[in-house]
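Report on the following structure.
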Protein chains: 2
Amino acid sequence: MTLSNRQYKDAIYDQLARLGKAVASPTRLELVDLLCQGPRTVESLARQAGQSVANTSKNLRLLHAARLVETARQGTYVTYRLAGEEVCDLFRTLRKLAELRLTEVEAITRDFLESRDTLEPVDREELIRRVHDGEALVLDVRPREEYETAHIAGALSAPLSELKDFLSELPQDKQIVAYCRGPYCVMSIDAVRLLREEGFEAVRLEDGVPDWRARGLAVEAAGAQP
Amino acid sequence: MTLSNRQYKDAIYDQLARLGKAVASPTRLELVDLLCQGPRTVESLARQAGQSVANTSKNLRLLHAARLVETARQGTYVTYRLAGEEVCDLFRTLRKLAELRLTEVEAITRDFLESRDTLEPVDREELIRRVHDGEALVLDVRPREEYETAHIAGALSAPLSELKDFLSELPQDKQIVAYCRGPYCVMSIDAVRLLREEGFEAVRLEDGVPDWRARGLAVEAAGAQP
DNA sequence: CCTATTTTCAACTTCTCTGTTGAATAGTTG
DNA sequence: CAACTATTCAACAGAGAAGTTGAAAATAGG
């Protein structure tokens, strides 16, 4: 026998712990969250996560060692992407657990959201109905590149940074639903606030594309801007 | 505004990382795995995980701080249990990812299993059919207390340690299917080997009760021994 | 071939985690 | 109430991780 029971168990739990360690750092979790939105270069990830490129590279390398991400060279850039849908599932499982168990998360979220506006998130089924009936318009306020990777079916791309330029093209008579990366992302909150200041009726959708996809709802890969 | 975007994000990812850290240690993962089988006392967990009681207590305390487990006093013992079904889901998500991504896990498992016998695990649907038709008999070879907490519907309790005493009661003409805690638990492997040595036709079921339950298949809470 | 750019590596400091040991705490039971 | 026992706490040494800095490797394009 090459391994005793105990040695075997230790080896297995060590392997599982490799995955645990990989998601034991806030920085790496943020990277995984960003990568759930689509592939990215090291530099882009570093910028968005507010970390040095060197540190981002190191953390990505760690995620790679745990087989959570894969790399591909594109010209002078290296593009990282999730190793599979299941990695996103892991992130969502963690998030769900956090929401259920860690009242602190809820408190932080509430603190933050209350400090802005009270923006009731919209209901999914209701949203689909309204869009179908032409009562509502869905805006994807993430950066254009993320929209191009994937977006909720029927949504228009209106990056938060360029939202002001889109205002004149938006219908005044429809409700506008803004979404971004997910419940902890604040871009849609800012977008809704801006839209309301401009007189639009706007609400926030808490889901991001990964949530949407995980529920089996329609997602488009790359859509034309009308 | 009480928090900036960045502070808010940091706080959220910190909370998620708390969960990640909790499952970043092999020892704690083993504890979670054991607790997936049912509530346990500190001493019992320490014995099974091969750790000192003090260290086990400390790690359980850590899991408790991450809201993954709950405690209850029973007589002079403290009983720990998972804080919810979702914790088990997290463990299973990790395990699934490990199986998919970490070829090392597969290699270790194969090494180990080959070093024993080649025990082809049985197919779930096929198993249900055979049990229903009376062609097969399902044995739960985990310790009696785990069986009493929950077991696969229709299974008999035959703890590995007492399996020898049960041999005379087992039918020679039926196939015997043994299961234990899950794919990484080796009790069912030992059981199958023993049964085969004694002339029974025995196979191993890879699933444990948590997997079985998670698939929505029937689980009984406490069953009488025939 | 050489340069500019992106990414990775290596060394280092600071901080945190792990498991052990021995003592303290908190309940239960006689 | 006192003795007993399971559990937890506190302090410690060793190991390992996080992020910084500066330099090296790899690639595209002139």
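In this text the structure is predicted, and so the values were computed from the model without any measurement.
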Verify, without hydrogens or angle tests, whether [X] (side chain) and [Y] (backbone) share a donor-acceptor contact under 3.5 angstrom.
X: B:R28; Y: B:P26; answer: no
X: B:Y147; Y: B:A155; answer: yes
X: B:Q37; Y: B:R181; answer: yes

Which heavy atom of [X] sits nearest to which heavy atom of [Y], and what is that distance?
X: B:R92; Y: B:A214; result: NH1-CB, 3.1 Å
X: A:A202; Y: A:L195; result: CB-CB, 3.7 Å
X: A:C185; Y: A:R204; result: O-NH2, 3.0 Å

Might you list the N or O atoms of the protein lying below 3.5 Å from N or O atoms in nucleotides 13-18 of chain D, with each pair's distance?
unit_1: D:dA18; atom_1: OP1; unit_2: A:R28; atom_2: NH1; d: 2.8
unit_1: D:dA18; atom_1: OP1; unit_2: A:R28; atom_2: NH2; d: 2.5

What's the closest nucleotide to the side chain of [X] if the choices are [options]?
X: A:A54; options: D:dT7, C:dC9, C:dT7; value: C:dC9
X: B:S57; options: D:dT8, C:dT8, D:dT7; value: D:dT8
X: A:S52; options: C:dT21, D:dT20, C:dT8; value: D:dT20
X: A:Q51; options: C:dT8, D:dT20, D:dT8; value: D:dT20

Figure out the [atom1]/[atom2] separation between [X] and [N], and round it to whole Å.
X: B:R40; N: D:dA6; atom1: CZ; atom2: C1'; answer: 17 Å
X: A:E43; N: C:dT5; atom1: CD; atom2: P; answer: 11 Å
X: A:R47; N: C:dT6; atom1: CZ; atom2: C1'; answer: 13 Å
X: B:L31; N: C:dT18; atom1: CG; atom2: C1'; answer: 14 Å
X: A:D14; N: C:dG19; atom1: CG; atom2: P; answer: 10 Å
X: B:Y77; N: D:dC4; atom1: OH; atom2: P; answer: 17 Å
X: B:R61; N: C:dT25; atom1: CZ; atom2: C1'; answer: 13 Å

Give a yes/no on whether any side-chain N or O of B:Y80 is located under 4.0 angstrom from OP1 or OP2 of D:dT8.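 Yes, because at least one side-chain N or O of B:Y80 sits under 4.0 Å from OP1 or OP2 of D:dT8.
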Does some side-chain heavy atom of A:L94 sit less than 4.5 Å from a side-chain heavy atom of B:T93?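 They are not in side-chain contact.
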